[in-house]
Peer 1: 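Okay, here's the structure, questions in a sec.
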Amino acid sequence: MIDLAQLRREPDEVKAALARRGVPASNMDAILELDIEHRRLLHDAEALRAQVKDLSRQVGEARRAKADDVAEELQRTSRELGDREREASEASDAVAEKLRAELLMIPNLPSPDAPDGPDESANVEVRRWWLGMAEGAPFPTYEDYQRVAHWECARELGILDLESGAKLAGSMFPLYRGDGARLLRALSFLALDRHRDAYEEIRPPSVALTETMMSTGHLPKSADDMYEVPRDDLWLIPTAEVPLTSMRRGEILDESALPIRLTALTACFRREAGAAGRDTRGLLRVHEFDKVELFAYCTPEQAEAAHADILARAEGLLRELGLTYRVLDLCAGDLGTSSARTIDLEVYSPGVDKWLEVSSVSWFRDFQARRANVRFRSAQGTQFVHTVNGSALAWARIWAALVETYRQADGTVRLPDVLAPYFGDLTIRPRS
RNA sequence: GGAGGGAUGACAGAGCGGCCGAAUGUACCGGUCUUGAAAACCGGCGUGGGCUUGCCCACCGUGGGUUCAAAUCCCACUCCCUCCGCCA
């Protein structure tokens, strides 16, 4: 949620920032009007309330002084005022609710550092990396046997069974078999071990309450993109960001405890509403995938370094896996609702000849913390924390890129050495 | 799923219709004393909102209700503890 006080204080700056992501200034004006209306009504209600309280005090005094007739009279007056107060409060509450609803629909202010642009076409490619680049090797060329889509070569090897997944849960719910399932597990273990030095491992619930989804900004805006369990007021988490951000909901943290850095391996569920038909084959876009998430609560001063650390760790894993990737700085128009700045990592997958998004490293400033009400105490008083997070990494697409990149001429897959401690024999052969 | 007990400030814990935004202790911050520290003593010490910046309003798990007046009474719900049932 954006800061209403900031909108009041510097409306033009806020409008200008939000215009960069296509939010019309009229939305802000509507909010400012509601705010003025709300404060007027609130003031009326509070003045009446103060009178009722004062009269009630006098009733108590009169009763103790045995002046019952005086008390009766005071009660009558107070009862009338009470009725008016109730009306005034209801009017004020109604406006407050409208105001909050409007405010919840407003996305975060983009960071001044985020590039300009209306949509993904304007994202800025910051750099590319490939194996051997530091030693002067050119951008890799790929052999014909690497130009086979993962859904084909994986089926040959018997490590991916999309038909069975579809039978169980519908299309876009993949089922991994044998070494395919083991590879997924190896990747998660590798990542969690790499982050152990600084990030506490969390295994959160895979579902979250509506209230929890609100605090991360996924509701009300992204309701159609999530799976819902209405009977129990639960939603399947689209990312571990949801439980991690809400873990300290409503708390005031000690400044000395920051940054609090957390990592979690969870399944992630996405309905991908409206995405049908677009790059949906194989593992390109699925309803459920495993992901290791990195997350930090920090002070505003720590945020930049925390963001950089998560990005470095995500990139570090890609390099260890020897996968070609590029780094994109998302333009203002392509930022997620809650984000002020996002760096995406995309892996090049030769079999499908596409760049696949495998990580999104975001800085939310205090946008999520304001909704989730996570603060810290400092010398300057109590203030909202900043949150940052990023995937390191999302495995379905990494899995696809690995299988395609490391496919050998004979159809087997020779995995990178870094996986040896987790996978053993690094060659995936057809099951006999 | 059934029965009982509970939820109050950073923590512990009192209050159980009006003088309660809330005793007391601990922790924390400032001061006195001290070479320094500890102890002792003194003072301070929740969060948010409104405006006429001195006051007002809200918050005692959550939501409703009763009342002139609710932390306190009533109802529903959530969570925690104990016991019973069921169950990886």
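To find a chain, count down the sequence lines: A is the first, B the second, and so on, and within it residues start at 1.
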Peer 1: Could you please name the option among U47(B), G49(B), A58(B) that lies closest to any side-chain atom of R49(A)?
Peer 2: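 Comparing U47(B), G49(B), A58(B) against the side chain of R49(A), the answer is A58(B).
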Peer 1: Does the side chain of T212(A) pick up a donor-acceptor pair with the side chain of R249(A) at under 3.5 Å?
Peer 2: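 Present: a donor and an acceptor within the cut-off.
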Peer 1: Counting the benzene-type ring for Trp, do W399(A) and F289(A) have ring centres under 6.0 Å apart?
Peer 2: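 Ring-ring flag for W399(A)/F289(A): false, centres at least 6.0 Å apart.
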Peer 1: For nucleotides U24(B) and A37(B), find the distance between their C1' atoms and express it as a whole number of Å.
Peer 2: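 To the nearest whole Å, 28 Å.
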Peer 1: Once you apply the 3.5 Å cut-off to both distances, tell me the Watson-Crick or G-U wobble partner of G63(B), or none.
Peer 2: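 G63(B) is paired with C75(B).
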Peer 1: CG of D93(A) versus P of G63(B): gap in Å, rounded?
Peer 2: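 Rounding to the nearest Å, CG of D93(A) and P of G63(B) are 11 Å apart.
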Peer 1: Does K53(A) put a side-chain nitrogen or oxygen below 4.0 Å from OP1 or OP2 of A58(B)?
Peer 2: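 It does, given that an N or O in the side chain of K53(A) lies less than 4.0 Å from OP1 or OP2 of A58(B).
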Peer 1: Does a distance-only test, which skips hydrogens and angles, find a donor-acceptor pair under 3.5 Å between the side chain of E61(A) and the base of G18(B)?
Peer 2: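 Under the 3.5 Å cut-off, the side chain and the base do not form any donor-acceptor pair.
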Peer 1: Charged N to carboxylate O below 4.0 Å: is that the case for R270(A) and E272(A)?
Peer 2: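 A salt bridge is absent here (no side-chain N lies under 4.0 Å from a carboxylate O).
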Peer 1: By nearest atom, which of the nucleotides C68(B), U66(B), G50(B) is closest to the V59(A) side chain?
Peer 2: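 Closest nucleotide to the V59(A) side chain: C68(B).
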Peer 1: Mind calculating the distance between CG (L74(A)) and C1' (C68(B)) to the nearest angstrom?
Peer 2: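 Atom CG in L74(A) sits about 8 Å away from atom C1' in C68(B).
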Peer 1: Taking only the P atom of each, what is the distance from C79(B) to G30(B) in whole angstrom?
Peer 2: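 The same atom, P, in both gives a distance of 42 Å.
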Peer 1: Would you kindly compare R79(A) and Q51(A) by the position of their nearest RNA chain B nucleotide and give the one closer to the 5′ end?
Peer 2: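 On the 5' side of the pair lies Q51(A).
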Peer 1: Determine the interatomic distance between C1' on C60(B) and the same-named atom on G6(B); round to the nearest Å.
Peer 2: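 It comes out at 14 Å once rounded to the nearest Å.
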Peer 1: In whole Å, measure the gap between the P atoms of G61(B) and G13(B) for me.
Peer 2: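 Straight-line distance between the two P atoms is 15 Å.
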Peer 1: Are OP1 or OP2 of G18(B) and a side-chain N or O of R57(A) less than 4.0 angstrom apart?
Peer 2: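 For R57(A), the contact criterion (side-chain N or O under 4.0 Å from OP1 or OP2 of G18(B)) is not met.
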Peer 1: Considering every strand and a 4.0 Å limit on heavy-atom distances, what is the contact class for R370(A): base, sugar-phosphate, or nothing?
Peer 2: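 No contact.
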Peer 1: Counting only Watson-Crick or G-U wobble pairs whose two distances fall under 3.5 Å, which nucleotide matches A70(B)?
Peer 2: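 Matched A70(B) with nothing under the 3.5 Å cut-off.
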Peer 1: Describe the nucleic acid contact of R375(A) in one word from base, sugar-phosphate, nothing, applying a heavy-atom distance below 4.0 Å.
Peer 2: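 It contacts sugar-phosphate atoms only.
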Peer 1: Write down the distance between CD1 (I252(A)) and C1' (C28(B)), rounded to a whole number of angstrom.
Peer 2: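 About 14 Å, once rounded to whole Å.
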Peer 1: Select base, sugar-phosphate, or nothing to describe what S56(A) touches, counting heavy atoms under 4.0 Å on all strands.
Peer 2: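 If one applies the 4.0 Å heavy-atom cut-off, S56(A) turns out to touch a base.
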Peer 1: Could you please name the option among G48(B), U52(B), C56(B) that lies closest to any side-chain atom of A50(A)?
Peer 2: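 Closest of the options to the side chain of A50(A): C56(B).
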Peer 1: Considering every strand shown, what is the Watson-Crick or G-U wobble mate of C41(B) when both distances are under 3.5 Å?
Peer 2: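 G31(B) is the nucleotide pairing with C41(B).
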Peer 1: What's the CG-C1' distance between L99(A) and G49(B), to the nearest Å?
Peer 2: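 One finds 13 Å between C1' of G49(B) and CG of L99(A), rounded.
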Peer 1: Answer yes when E46(A) and K53(A) have at least one side-chain N-carboxylate O distance shorter than 4.0 Å, and no when they do not.
Peer 2: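 No, E46(A) and K53(A) are not salt-bridged.
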Peer 1: Looking only at side-chain N and O atoms, does Y422(A) offer a donor or acceptor that is under 3.5 Å from a partner on R185(A)?
Peer 2: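 Distance-only check fails for R185(A) and Y422(A).
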Peer 1: Can you tell me how far P in C77(B) sits from the matching atom in G2(B), rounded to whole Å?
Peer 2: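 Looking at atom P only, C77(B) and G2(B) are 10 Å apart.
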Peer 1: Please state how far atom NE2 in H43(A) lies from atom C1' in C56(B), giving the value in whole angstrom units.
Peer 2: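 Checked: the NE2 to C1' distance equals 8 Å.
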Peer 1: Within the pair R39(A) and C51(B), is there a side-chain N or O less than 4.0 Å away from OP1 or OP2?
Peer 2: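 Answer yes for this pair, as a side-chain N or O of R39(A) is under 4.0 Å from OP1 or OP2.
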Peer 1: Measure from the side-chain heavy atoms of R63(A) and tell me the nearest of A69(B), U47(B), G18(B).
Peer 2: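 Within the option list, the nearest is G18(B).
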Peer 1: Determine the Euclidean distance between corresponding C1' atoms of C29(B) and G46(B); express it in Å to zero decimal places.
Peer 2: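 Straight-line distance between the two C1' atoms is 15 Å.
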Peer 1: With both distances kept under 3.5 Å, what pairs with U82(B), Watson-Crick or G-U wobble?
Peer 2: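 Matched U82(B) with A3(B) under the 3.5 Å cut-off.
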Peer 1: Within the pair R377(A) and C29(B), is there a side-chain N or O less than 4.0 Å away from OP1 or OP2?
Peer 2: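 Indeed not, no polar side-chain atom of R377(A) lies that close.
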Peer 1: Suppose we define a pair by two distances each less than 3.5 Å, Watson-Crick or G-U wobble; what does A88(B) pair with here?
Peer 2: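 No nucleotide pairs with A88(B).
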Peer 1: Can you tell me how far P of G63(B) sits from CG of D233(A), to the nearest Å?
Peer 2: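 Between P of G63(B) and CG of D233(A): 15 Å.
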Peer 1: Applying the Watson-Crick and G-U wobble criteria at under 3.5 Å, what pairs with U26(B)? Answer none if nothing qualifies.
Peer 2: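 Looking at the geometry, U26(B) pairs with A10(B).
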Peer 1: Output the rounded distance in Å from CD (E46(A)) to P (C59(B)).
Peer 2: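 To the nearest whole Å, that distance equals 11 Å.
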Peer 1: If G21(B) has a Watson-Crick or G-U wobble mate with both distances under 3.5 Å, name it; if not, just say none.
Peer 2: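 In the structure as shown, G21(B) has no Watson-Crick or wobble partner.
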Peer 1: Donor-acceptor pairs are to be reported for all side-chain atoms of residues 80-99 of chain A against protein atoms at under 3.5 Å, with residues two or more places apart or in another chain.
Peer 2:
residue: E85(A); atom: OE2; partner: S89(A); partner atom: OG; Å: 2.8
residue: S89(A); atom: OG; partner: E85(A); partner atom: O; Å: 3.1

Peer 1: Consider only side-chain N and O atoms of Y325(A) and E346(A), and report whether a donor and an acceptor are under 3.5 Å apart.
Peer 2: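 No, no side-chain donor-acceptor pair sits under 3.5 Å.
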Peer 1: Starting at the 5' end of RNA chain B, which residue's closest nucleotide do you reach first, A47(A) or L42(A)?
Peer 2: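 Nearest nucleotide further toward 5': that of L42(A).
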Peer 1: Looking at R64(A), I'd like to know whether one of its side-chain N or O atoms comes within less than 4.0 Å of OP1 or OP2 on G18(B).
Peer 2: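 Result: no.
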Peer 1: In whole Å, what is the span from the CD atom of E255(A) to the C1' atom of C28(B)?
Peer 2: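 My rounded result for the distance is 15 Å.
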Peer 1: Return the nearest nucleotide to the side chain of T382(A); candidates are U47(B), C68(B), G49(B).
Peer 2: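 For T382(A), the side-chain atoms sit closest to U47(B).
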Peer 1: With rounding to whole Å, what would you report as the distance between A71(B) and C59(B) at their C1' atoms?
Peer 2: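 Between the two C1' atoms, the distance is 11 Å.
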Peer 1: Answer whether the closest heavy-atom distance between the side chains of L283(A) and W395(A) falls below 4.5 Å.
Peer 2: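 The answer is no; the side chains never approach within 4.5 Å.
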Peer 1: Rounding to an integer number of angstrom, what distance separates U66(B) and C74(B) when you compare their C1' atoms?
Peer 2: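 Per the computed distance, 7 Å lies between those C1' atoms.
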